[in-house]
Number of protein chains: 2
Amino acid sequence: MDRVDEAIGGGARLLARLDRASTTQVVADALRERILDGQLRSGSQCQELQLTAALGVSRNTLREAFQILIAERLLVREPHRGVFVRRLEAADVRDIYAVRRLIECAALAAPASTRGLPEMQAAVETAHAAAARGDWYEVGNADVRFHLAITASVGSARVDRTMRALLAELRLAFQLMADAHALHEPFLGRNQQLVEMLEQRRPVEASIELAGYLDDAEQLLLATLTPVEP
Amino acid sequence: MDRVDEAIGGGARLLARLDRASTTQVVADALRERILDGQLRSGSQCQELQLTAALGVSRNTLREAFQILIAERLLVREPHRGVFVRRLEAADVRDIYAVRRLIECAALAAPASTRGLPEMQAAVETAHAAAARGDWYEVGNADVRFHLAITASVGSARVDRTMRALLAELRLAFQLMADAHALHEPFLGRNQQLVEMLEQRRPVEASIELAGYLDDAEQLLLATLTPVEP
DNA sequence: ACATATGAGTTGTTCGACAATCCAACAAGA
DNA sequence: TCTTGTTGGATTGTCGAACAACTCATATGT
C-alpha cells in the first residue's frame, strides 16, 4: 500500500482515520461554528476565493460545504452574486416561534416530558454558571440544550433534527442584538421555573407557561430586530 | 443589456432566463423525480461516472446535487463507497408517522384547518380519478397534496417544508411494496371522510379520526416492509 | 442627465489529474 | 478446505486550472 509509513505514528492516529470526516464536512462544521458564534456576521458575503485561501481547500470542496449550510438555511445563495450568511426577517422569527410553540408545547404537555428532566436541570445550571461569568454565548448554548431536552422526550430523531436546525437558525437573529444579556437574562429564571413545574408533575401547566414564555421571547426579539436596517 | 438578441424569441423565454435554475438545481430536481417515481430504486447505488454520462454534467456539479438530496435524506453517502438511494428502516417509518401524528393532528384540530378545505377536496377528486384509471403513482401525488393541505392551515413555511420533506422521504417506503393499490386504496374513502367531517365543522373529531388513520397506515406499511430483506 | 458600452472581478461549470479507499479475485499457508 | 494475506482495478475524495456567464461600478457618447 501507499503511504503506510505515515500510519505508523500510533494506533490512535489509525483509529482517527477510520471515522474521520470528509474535508467537505470539516469545512461545513467550521463555517457553521463561525456563523453561530458571530465571527461571520449575518448578511456578510462568503467569497469563494477568500474562504478557499483562509481554509486551505479547493473551490469545489468549499462549494459542496456551501450546499450543506444552504440546506440548513444558515447560508443563502443569490445566483451569480454570491453566498451570504442568512439574515432573518421578522417573518422568519414569527414562523420559527410558531413552530416552536407547536412542537415544544406538545412535547412538554405529554407525560413523557419528565424524561428530559436531568438534561434540563444540567442545562439550567450550566446557563447560570455561564451567566455569572458573563459568557452569554455559552448561555445561548445551554438554552439550546434546555429546549432540545424538552423535545427529546418525544423520542423522535426527526423532531430532534428539526429543532436543532430551527434553534441554530434562530441564533442568526440573536447576533443582531447589541447585548445578548438583555435577551437571555429574563429566561434564566423561567427555565428554572419550568424544571420545578415538571418536578412537581404538572406538565400541562408547564406547557402553558412555556407558551407564554415563547410569546415573550418572540416579542423581545422582534422589538430589537425590526429597527435594524442597513 | 447583453444578449438581447436571444431574448427576442419571446417574453416567456426572457422570464425563463431570469429565474432559471442552476445546473446543480436542475440535476437535483431530475434525480429527485427519478427517485420518487421509482426509476432509481431504493438501495441502488448512484455511481458518479455513470450519472455524469447519463445527465451530461460534470462530476463536480453532480456532487453538489448529491449534497442537496443527501440533506433531503433521499440519498445517503457511505464514505469511499458511494451514494445510494436511501432505504427506509422500520424505525424510520415509525419515526415519520410519529411526527405526522404530532403535526397533522395538531393542524387539523385547530379551527383554522377549514382553510385547507378547497385544496383537500381537489386532492380527493384527483385521487379518485387517478385511481379509476389505475395510476397509483398519481394517487400518491394527490395523497401528498391532501396532507399538505392539512398542514398548510398552520400557515408556517417551515411546517410546510418539513412536511413536504417528510412525505417525500416516506415515498421511499411506498416503492418497496409490490402493489401500491393495497396501500392507497383503503385511504381514498377515509380522506373523503375527513373532508366531510371538516365541512360539518367537527375538526376535533376529524383530528381523532386522522390519528387512527395514521396508525393504520403505519401498521400497513410496517407489515409489508419488515419481511423485505435483500 | 440619461442611456449605453467597457472592463474588472466573481460565480458557474467543466476537465483532467492524482491520492485514498474499497472490493473482488487470486495466491499462500495451515 | 478454510483461512489469511496480497494485488490490481474501479470508485470516490480533493485539488488546480481554465473558461464562460454574469454582476457591478465606471467611463463614454449623445
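Per chain, numbering begins at 1; letters A, B, ... match sequence-line order.
A salt bridge does not link A:Glu138 to A:Arg133: none of the charged side-chain nitrogens sits closer than 4.0 Å to a carboxylate oxygen. Electrostatic pairing of B:Glu119 and B:Arg145 does not count as a salt bridge here, judged by no charged N lying under 4.0 Å from a carboxylate O. For the pair A:Asp92 and A:Arg86, the salt-bridge criterion is met [side-chain N within less than 4.0 Å of a carboxylate O].
Side-chain nitrogen and oxygen atoms of B:Ser22 include none within less than 4.0 Å of the OP1 or OP2 phosphate oxygen of C:dG12. Residue A:Thr24 places at least one side-chain N or O under 4.0 Å from the OP1 or OP2 atom of D:dT14. Distances shown here put every side-chain N or O of A:Arg81 at or beyond 4.0 Å from the OP1 or OP2 atom of C:dG12.
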- Message: Checking A:Arg101 against A:Glu218 for the salt bridge (charged side-chain N to carboxylate O under 4.0 Å, His left out) test, could you report, in this order, the C-alpha distance in whole Å, the side-chain angles of both residues, the deciding distance, and whether it holds?
- Response: CA-CA 11 Å; A:Arg101 271 188 295 268; A:Glu218 179 184 351; 3.0 Å; yes

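Counting any heavy atom pair closer than 4.0 Å across all strands shown, B:Gln45 reaches sugar-phosphate atoms only and no base atom.
Regarding A:Gln47, its CD atom lies at a distance of 16 Å from the P atom of D:dT23, rounded to whole Å. One interatomic measurement links the two molecules: NE2 of B:His80 to C1' of D:dT11, which rounds to 10 Å at whole-angstrom precision. Rounding to whole angstrom units, CZ of residue B:Phe84 and P of C:dC22 are separated by 12 Å. Remark: C1' of C:dT10 and CD of A:Glu78 are 14 Å apart, rounded to the nearest angstrom.
Within 6.0 Å of CD on B:Glu33 lie no more than 12 heavy atoms contributed by other residues, nucleotides or ligands.
Using a 4.0 Å cut-off on heavy atoms, the residues of residues 48-70 of chain A that approach DNA chain C are A:Glu48, A:Arg59, A:Asn60, A:Arg63, listed by number.
Aromatic pair B:Tyr213/B:His147: ring centres closer than 6.0 Å.
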